[in-house]
Amino acid sequence: MKRTIIRDLLKSEEFDRTVVVKGWIRNRRGSKNVAFVALNDGSTINNVQIVVDFEKLGENIMDGVGVGSSLSVEGQLIESQGGGQKMEIVAEKFEVLGIADPKTYPLQPKKHSLEFLREIAHLRFRTNTFGAITRIRHAMIFSVHQFFNDRGFYNIHTPIITSSDAEGAGEMFQVTTLDLQNTPMNEANEVDYKSDFFGKKTNLTVSGQLEAELAALAMGQVYTFGPTFRAENSNTTRHLSEFWMIEPEVAFNDIVDNMDLAEDMLKYCVQYALDNCKDDLEFLSKRLQEEEKGKKEADRSMELIEKLNFVAQNDFERVTYTEAIRILKNSKPNKKKKFDYVIEDWGADLQSEHERYLVEKHFKKPVILIDYPANIKAFYMKLNEDGKTVRAMDILFPGIGEIVGGSEREADLETLKSKMAALDIPEDEMYWYLDTRRFGSVPHSGFGLGFERMMLFVTGMSNIRDVIPFPRAPKQAEF
RNA sequence: UCCUCUUUAGCUCAGUUGGUUAGAGCACCUGACUGUUAAUCAGGGUGUCCUAGGUUCAAGUCCUAGAAGAGGAGCCA
């Protein structure tokens, strides 16, 4: 008989029929004659209760079969005789597929710390929390593709290995097949990359943007959704060395179109989670409230589902950098010098504390900041008519900070070339990028959205290492 | 990379001014119980007190160095 997925079974109203379920034991209770097993197969956060009658199946049938053991059970699906669940399966055939030795199996039916679970990331899928996160992560991936597909975007696979080191998005991981014990050197006593695999120095990508621009300037609307690698020594709750980034790039879009696209997309994905991940979100919401019980009421976060609804239904605040500086200069913490970095003049880079103030205290909603000073932003961003600001946009989310960074791109060849020259970016290595401005250049815009940062927001988790299955961070490449 | 904190049983944590045999809850083991809901009840402690030095009659506790983890900052998505 074919197994029924537990998610489908729990939706069923058809009782008094034989079913087969397979899964892992989450908990077991019972007495001398009967045991109750909570079985989970990953399809849903909910377990199905198996009733094991020892008289019928043999009194030793569950010896040593504890939490974590895997089962195949055939039996009658009936309305539950006890409270607490709608239905249960009275086991008729009970097969243990694999024992989990209770002496060494590290998971218990109780709360484990997230730090401990990070150390056993290979097993943490088996917890309610990580099961929920994993299902939501899938739904979010799916919603991203659906959003863009519905709007006629093409998904572009940009290269993971790149030779350009001009992207300026941080430290890179080098990719090489050279013998590090015996590195070949040239006459100038430099590493001889001519003998390396690609014949030149190569790295893992820090962004697919430049290549996405190439595609956008022919295909119109494109997006990438791939792994991204940054070799920064970042030890924070919102940085990973390996993360997934979504980078749409759209020909003919100006900065306002770009903001509209990013806001629509974030709202779409959040709404998708609300519509499709109800059970998991409810679990995570309860978990979060439980965790914050010890906090003062003022420090507690908004209830998760309420927070997601709020973001999905309300417009983001759109503010220029200049206006943000004005707000910050006049703010209480700035006047009372409560900020570590007091805002004095136009041109200052915004610190996390300033972004948090704007989002969490002043506007109390997601904020899109635009028109930053040119000198604190990347070379490819379009210069405004004022000659001193660029059409950059950062989207700041409560509790997370920057979730999106993007801009209208500089479409004018000469302006772009002079900015590259000022930053010592070699023109000849970037000829392919500049060619798009040489041949039929058009205004275009795009942004990068940190997928795991969106996951933090949607799940309400606070450490980015808990929303990716196998986190990569400095000194952390286990599993 | 910088600042702060933490590291004691499988897990979560307590351990007083340095003092004799290191504690609790859960898990686990043994037993009881005719249907449990984190089942309950009775009994059982399973330990490199992160590592290496040092101070002291005596160190889980104090000092130095290191490691790992957490939170914050920077870099950013």
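Below, read A as the first sequence line, B as the second, and so on, with proteins coming before strands; counting in each chain starts at 1.
- Using a 4.0 Å heavy-atom distance criterion, Gly82(A) is classed as a base contact.
- For RNA chain B, runs of at least 3 consecutive pairs of the Watson-Crick or G-U wobble type, with both hydrogen-bonding distances under 3.5 angstrom, map to B:1-7 with B:67-73, B:10-13 with B:23-26, B:28-32 with B:40-44, B:50-54 with B:62-66.
- Where stacking is scored as ring centres under 5.5 Å apart with planes under 30°, Phe36(A) does not register as stacked on the base of rG35(B).
- Listed by first and then second residue, the salt bridge (Lys or Arg N to Asp or Glu O under 4.0 Å) pairs involving residues 445-472 of chain A are Arg118(A)-Asp466(A), Arg124(A)-Asp466(A), Arg137(A)-Glu452(A) (not counting sequence neighbours).
- Judged as a salt bridge (Lys or Arg N to Asp or Glu O under 4.0 Å), and not counting sequence neighbours, Glu410(A) has no contacts.
- At a cut-off of 3.5 angstrom, counting only N and O atoms as typed in the model, there is a donor on one side and an acceptor on the other between the side-chain of Arg230(A) and the base of rA77(B).
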Protein N or O to nucleotides 41-49 of chain B N or O, pairs below 3.5 Å:
none

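- Legend: residues meeting side-chain contact (heavy atoms from CB on, under 4.5 Å) with Tyr341(A), ordered by chain and number and at least two apart, are Gln351(A), Glu353(A), His354(A).
- With hydrogens and angles left out, the side chain of Gln81(A) and the base of rU36(B) share no donor-acceptor pair within 3.5 Å.
- Looking at heavy-atom distances under 4.0 Å, Glu452(A) makes no contact with the nucleic acid at all.
- Looking at heavy-atom distances under 4.0 Å, Gly66(A) makes no contact with the nucleic acid at all.
- Under the rule for a ring pair (Phe, Tyr, Trp, His ring centres under 6.0 Å), the partners of Phe316(A) that lie at least two apart in sequence or sit in another chain are Phe397(A).
- Between the C1' atom of rA67(B) and the NZ atom of Lys475(A) lies a distance of 10 Å, rounded to the nearest Å.
- Checked by atom type and distance alone, the side chain of Ser143(A) never pairs as donor or acceptor with a backbone atom of Tyr272(A) at under 3.5 Å.
- Note on Gly30(A): a base of the nucleic acid sits closer than 4.0 angstrom, heavy atoms only.
- Closest to the side chain of Gln476(A), out of rG35(B), rA38(B), rG69(B), is rG69(B).
- Proximity note for Arg29(A) (side chain, C-beta onward) versus rA77(B), rU36(B), rU34(B): the nearest is rU36(B).
- Partners of Ser234(A) according to the side-chain contact (heavy atoms from CB on, under 4.5 Å) rule, which considers only residues two or more places apart in sequence or in another chain, are Glu232(A), His239(A).
- Summarising the geometry, the separation between CG on Asn33(A) and P on rA32(B) is reported as 11 Å, rounded to the nearest angstrom.
- Applying the salt bridge (Lys or Arg N to Asp or Glu O under 4.0 Å) test to residues at least two apart or on different chains, the pairs with a partner in residues 51-76 of chain A are Glu74(A)-Lys93(A).
- Atom C1' of rG47(B) sits at a distance of 15 Å from the matching atom of rU7(B), rounded to the whole Å.
- One C1' atom belongs to rC62(B), the other to rG18(B), and the distance between them is 8 Å to the nearest Å.
- Here Lys361(A) pairs with nothing under the salt bridge (Lys or Arg N to Asp or Glu O under 4.0 Å) rule; sequence neighbours left out.
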Can you tabulate the close N/O pairs, meaning under 3.5 Å, that link protein atoms to atoms of nucleotides 7-11 of chain B?
from    : atom 1 : to        : atom 2 : distance (Å)
rG10(B) : N2     : Gln108(A) : OE1    : 3.3
rG10(B) : N2     : Gln108(A) : NE2    : 2.7
rG10(B) : N3     : Gln108(A) : NE2    : 3.4
rC11(B) : O2'    : His112(A) : ND1    : 3.4
rC11(B) : O2     : Lys110(A) : NZ     : 2.8

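- Leu240(A) comes within contact range of at least one nucleobase, with a heavy-atom separation under 4.0 Å.
- Separating the C1' atom of rG60(B) from that of rU36(B) is a span of 41 Å, rounded to the nearest Å.
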Under 3.5 Å between N/O atoms: give me all the protein pairs with nucleotides 71-74 of chain B, atom names plus distance.
from    : atom 1 : to        : atom 2 : distance (Å)
rG71(B) : OP1    : Asn463(A) : ND2    : 3.3
rG71(B) : OP2    : Asn463(A) : ND2    : 3.2
rG72(B) : OP2    : Thr237(A) : OG1    : 3.2
rA73(B) : OP1    : Arg356(A) : NH1    : 2.8
rA73(B) : OP2    : Arg238(A) : NH1    : 3.4
rG74(B) : OP1    : Gln351(A) : OE1    : 2.7
rG74(B) : OP1    : Ser352(A) : N      : 3.2
rG74(B) : OP2    : Ser352(A) : OG     : 2.6
rG74(B) : N2     : Asn233(A) : O      : 3.1

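- Remark: Glu408(A) engages Arg391(A) in a salt bridge (Lys or Arg N to Asp or Glu O under 4.0 Å) (not counting sequence neighbours).
- Glu247(A) comes within 4.0 angstrom of no nucleic acid atom, judged by non-hydrogen atoms across all strands.
- Across all strands, Val67(A) comes closer than 4.0 Å to no nucleic acid atom at all (heavy-atom distances).
- Rounded to whole Å, the P atom of rG31(B) lies 37 Å from the corresponding atom of rG15(B).
- For the pair Ser80(A) and Asp349(A), nearest-nucleotide mapping onto RNA chain B gives the more 5' position to Ser80(A).
- The same atom, P, is picked in rG66(B) and in rU1(B); the two are 12 Å apart, to the nearest Å.
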